[in-house]
There are 2 protein chains.
Amino acid sequence: MDRTDRTDALVSHLRANHFATMTELAEELGVSVRTVRRDIADLRLRGLDIEGERGRGGGVRFARLAPLPPLQLDESQVVGLWLSVQLARRATGLPFSEDSGAGLNKVLAALPEARRQKLRQLYGRIAVGAPASPRLRDSAGEMCPSLIDAFERCFSQETCLSFTYRDRFENMTQRRIEPHGILVQPPVWYILAIDVDKSAQRMFRMDRISNPRPFSRPFVPSRAVVHEMVEEIPGVSAPKL
Amino acid sequence: MDRTDRTDALVSHLRANHFATMTELAEELGVSVRTVRRDIADLRLRGLDIEGERGRGGGVRFARLAPLPPLQLDESQVVGLWLSVQLARRATGLPFSEDSGAGLNKVLAALPEARRQKLRQLYGRIAVGAPASPRLRDSAGEMCPSLIDAFERCFSQETCLSFTYRDRFENMTQRRIEPHGILVQPPVWYILAIDVDKSAQRMFRMDRISNPRPFSRPFVPSRAVVHEMVEEIPGVSAPKL
DNA sequence: ACGAAATAGGTCAGTATCTGTCCTATTTCT
DNA sequence: AGAAATAGGACAGATACTGACCTATTTCGT
């Protein structure tokens with residue numbers, strides 16, 4: 001019986017018998033009391049709520065097997081968490097950033113498979129890059145405040161978006177696009193889209209967009225489009241296909 | 001990350017992402033491919049139904065999803081999620097970043113009250129600032145790879161840390177400190193500490209620290225210390241008192 | 001038909017981890 | 001007081017884990 005089996009057995013025994021002394025557990029598991037003590041300390045570190053009663057007649061028990069209320073996260077909340085974690089993990093060397101990935105995976109794992117599948121498709125359309133260069137950052141202007149809402153809706157619901165775009169020569173044009181993906185280079189981001197009038201791939205910087213209006217024409221999002229538009233850009237981790 | 005954490009993370013990752021190659025898993029978990037192979041073999045022995053698809057384009061996945069384990073996030077995983085979300089929310093205007101805060105709150109709400117309290121104390125000691133200025137970023141050097149582990153442990157367990165510090169005049173000194181807080185200005189971070197030999201508050205930049213060694217002297221973390229050291233710095237949201 | 005990319009797993013040396021033994025401190029009941 | 005518990009520090013020896021290297025096999029795309 002290796003360590004993993006043993007901690008497994010320890011948890012089962014405590015669940016089944018509700019209360020035990022370390023000495024009893026040690027005999028049950030065939031190891032020394034000191035080892036049981038260490039195993040319990042480990043389980044506590046992992047967040048299991050085991051309470052010890054000191055003194056004569058004492059022992060250990062599960063404090064309260066509180067069935068956690070099921071997580072009711074909606075789609076954009078999970079995508080938000082996902083994006084936050086991806087951004088933090090690009091800055092290697094931050095404390096706790098490795099653990100955030102593991103934490104996110106546990107949250108995702110707790111969702112029903114059907115939602116997980118939908119979510120995988122959503123963040124498969126998001127490309128995360130390094131933070132914007134100082135020059136880019138300085139050139140970034142104010143974003144139209146209604147853009148986020150409009151964009152999030154169209155991106156998730158797979159419908160088209162129209163807006164007025166100001167290109168780098170200050171020309172204003174009307175665009176109607178299918179928002180297939182986004183590229184995030186904080187604090188700047190781009191919509192990776194197909195312009196339905198030109199039938200061509202285009203990138204739109206968020207601060208050059210004004211007067212966004214969703215419209216109800218549906219499209220089929222393509223990760224391939226996202227992948228293709230992004231793969232040449234250095235420092236960007238393209239989503240898997 | 002020990003073996004147990006790793007197999008945990010492995011299962012979560014597979015549940016969350018549905019499909020992965022051994023190589024991806026190895027990178028995600030920071031171990032060799034051979035070790036991932038062994039972990040997967042172990043999990044199979046334990047009865048988890050993981051199927052492997054051979055050949056080009058192959059990978060591993062759960063054949064039949066094992067019953068959901070209850071959401072068991074450990075402390076540093078929650079702190080990691082929290083920090084990621086705070087950082088993302090500072091970059092206002094990113095899509096989905098508002099929702100990430102709501103999502104995080106739901107995750108926190110699903111934890112037992114006792115842990116929530118401990119966690120509030122932990123992230124009450126973390127100050128989040130704007131990303132580092134280009135000059136600061138360029139001057140930042142490599143961080144000692146063992147620092148993160150040592151620091152995370154001392155920070156959470158409320159014990160002291162000693163290390164060699166190189167100040168901005170390149171003087172090397174031995175320090176013994178109480179790590180009360182951190183200030184994060186990605187990708188740079190500082191330990192906000194009390195130097196126990198000088199009995200004075202000091203900030204230590206993470207890339208100037210070498211040879212970190214935890215030692216078992218406990219201290220009582222003070223949010224006031226963190227607050228005081230950080231309140232003069234522009235662009236930093238100090239934790240509430 | 002071939003090569004590239006996967007899973008699968010054997011072997012071995014070095015190291016990191018775990019375990020038991022022996023402590024001390026503290027709490028609680030009799 | 002004293003006995004019976006939890007809690008956990010220190011240390012040496014045993015154990016297991018890990019990475020490097022290797023081979024076999026399957027599968028896909030060109």
Side-chain angles (χ1 to χ4, degrees), chain A residues 1-10 13-14 17-46 48-63 224 227 240-241, chain B residues 1-10 13-14 17-46 48-63 118 145-146 149-150 153-154 156-160 162 213-219:
Chain A
M1 181 181 275
D2 69 1
R3 209 179 105 91
T4 319
D5 287 328
R6 198 177 58 227
T7 37
D8 251 28
L10 207 164
H13 190 91
L14 264 189
N17 294 20
H18 195 243
F19 194 80
T21 66
M22 299 279 199
T23 314
E24 285 164 8
L25 290 168
E27 275 164 24
E28 174 79 18
L29 302 170
V31 291
S32 71
V33 175
R34 188 67 185 87
T35 297
V36 173
R37 242 173 247 302
R38 274 190 282 242
D39 286 347
I40 299 241
D42 275 3
L43 290 170
R44 281 177 173 145
L45 269 185
R46 290 166 169 287
L48 273 72
D49 211 353
I50 297 171
E51 68 184 15
E53 282 182 18
R54 295 177 150 222
R56 188 169 186 160
V60 287
R61 60 154 60 100
F62 276 113
H227 201 269
K240 281 180 301 188
L241 280 183
Chain B
M1 181 180 273
D2 68 3
R3 209 180 105 91
T4 321
D5 287 328
R6 197 178 59 226
T7 36
D8 231 40
L10 206 163
H13 189 94
L14 266 188
N17 292 10
H18 194 240
F19 194 79
T21 67
M22 300 278 196
T23 313
E24 285 163 8
L25 290 169
E27 270 164 30
E28 172 81 16
L29 303 170
V31 292
S32 71
V33 174
R34 187 65 185 87
T35 297
V36 173
R37 246 172 243 301
R38 274 190 283 243
D39 286 348
I40 298 243
D42 277 3
L43 289 170
R44 281 174 173 148
L45 271 184
R46 277 165 199 292
L48 274 75
D49 206 353
I50 298 170
E51 67 184 18
E53 282 182 18
R54 295 175 152 224
R56 187 172 187 155
V60 288
R61 61 157 53 104
F62 276 112
K118 179 82 203 304
S146 61
D149 240 40
R153 195 152 82 244
C154 293
S156 313
Q157 292 179 3
E158 306 174 0
T159 53
C160 292
S162 76
R213 278 156 311 160
F215 67 101
S216 53
R217 171 161 147 184
F219 70 96

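Note on naming: letters A, B, ... go to the chains in the order of the sequence lines (proteins, then strands), and numbering restarts at 1 for each one.
Remark: the backbone N or O of B/Thr4 is paired with a side-chain donor or acceptor of B/Thr7 at under 3.5 angstrom. Between the B/Glu24 side chain and the B/Thr21 main chain, a donor and an acceptor come within less than 3.5 Å of each other.
Residues meeting the side-chain hydrogen bond (donor to acceptor under 3.5 Å, both in side chains) test with B/Asp5, sequence neighbours left out: A/Arg46. Applying the side chain to side chain contact (heavy atoms under 4.5 Å, CB included) test to B/Arg61 and every residue at least two apart in sequence or in another chain returns B/His18, B/Phe19, B/Glu51, B/Glu53. Not counting sequence neighbours, A/Arg56 has no partner by the side chain to side chain contact (heavy atoms under 4.5 Å, CB included) test.
Across the protein-nucleic acid pair, A/Arg3 atom CZ and C/dA16 atom C1' stand 13 Å apart, rounded to whole Å. Atoms CZ (B/Phe19) and P (C/dA5) sit 16 Å apart, rounded to a whole Å. Rounding to whole angstrom units, CG of residue A/Asp39 and P of D/dG8 are separated by 14 Å. If you measure from atom CG of B/Leu45 to atom P of D/dA16, you get 15 Å, rounded to the nearest angstrom. One can place CD of B/Glu24 at 14 Å from P of C/dA5, the figure rounded to the nearest angstrom. Distance A/Leu25 CG to C/dG20 P: 14 Å, rounded to the nearest Å. Distance, A/Arg6 CZ to C/dC18 C1': 8 Å, rounded to whole Å.
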Pairs of donor and acceptor atoms involving the side chains of residues 35-42 of chain A, under 3.5 Å and at least two apart or interchain, shall be tabulated with distances.
unit_1, atom_1, unit_2, atom_2, d
A/Thr35, OG1, A/Ser32, OG, 3.1
A/Asp39, OD1, A/Arg6, NH2, 3.2
A/Asp39, OD2, A/Arg6, NE, 2.7
A/Asp39, OD2, A/Arg6, NH2, 3.2
A/Asp42, OD2, A/Arg3, NH1, 3.1
A/Asp42, OD2, A/Arg3, NH2, 2.8

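In this structure the side chain of A/Phe62 reaches within 4.5 angstrom of the side chain of A/Leu48, judged on heavy atoms.
Contact between the side-chain N/O atoms of B/Thr35 and the OP1/OP2 oxygens of D/dT18 is not found at any separation under 4.0 Å.
In the helix from C/dA1-D/dT30 to C/dT30-D/dA1, the rotation axis of the first five pairs and that of the last five pairs differ in direction by 50°, rounded to 10 degrees.
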- Query: Can you give one letter per nucleotide of nucleotides 6-14 of chain C, 5' to 3': B if a protein heavy atom sits under 4.0 Å from the base, S if only from the sugar-phosphate, - if neither?
  - Reply: BBBBBB---
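Sorted pairs that involve residues 25-34 of chain A and meet salt bridge (charged side-chain N to carboxylate O under 4.0 Å, His left out), not counting sequence neighbours, are lacking altogether.
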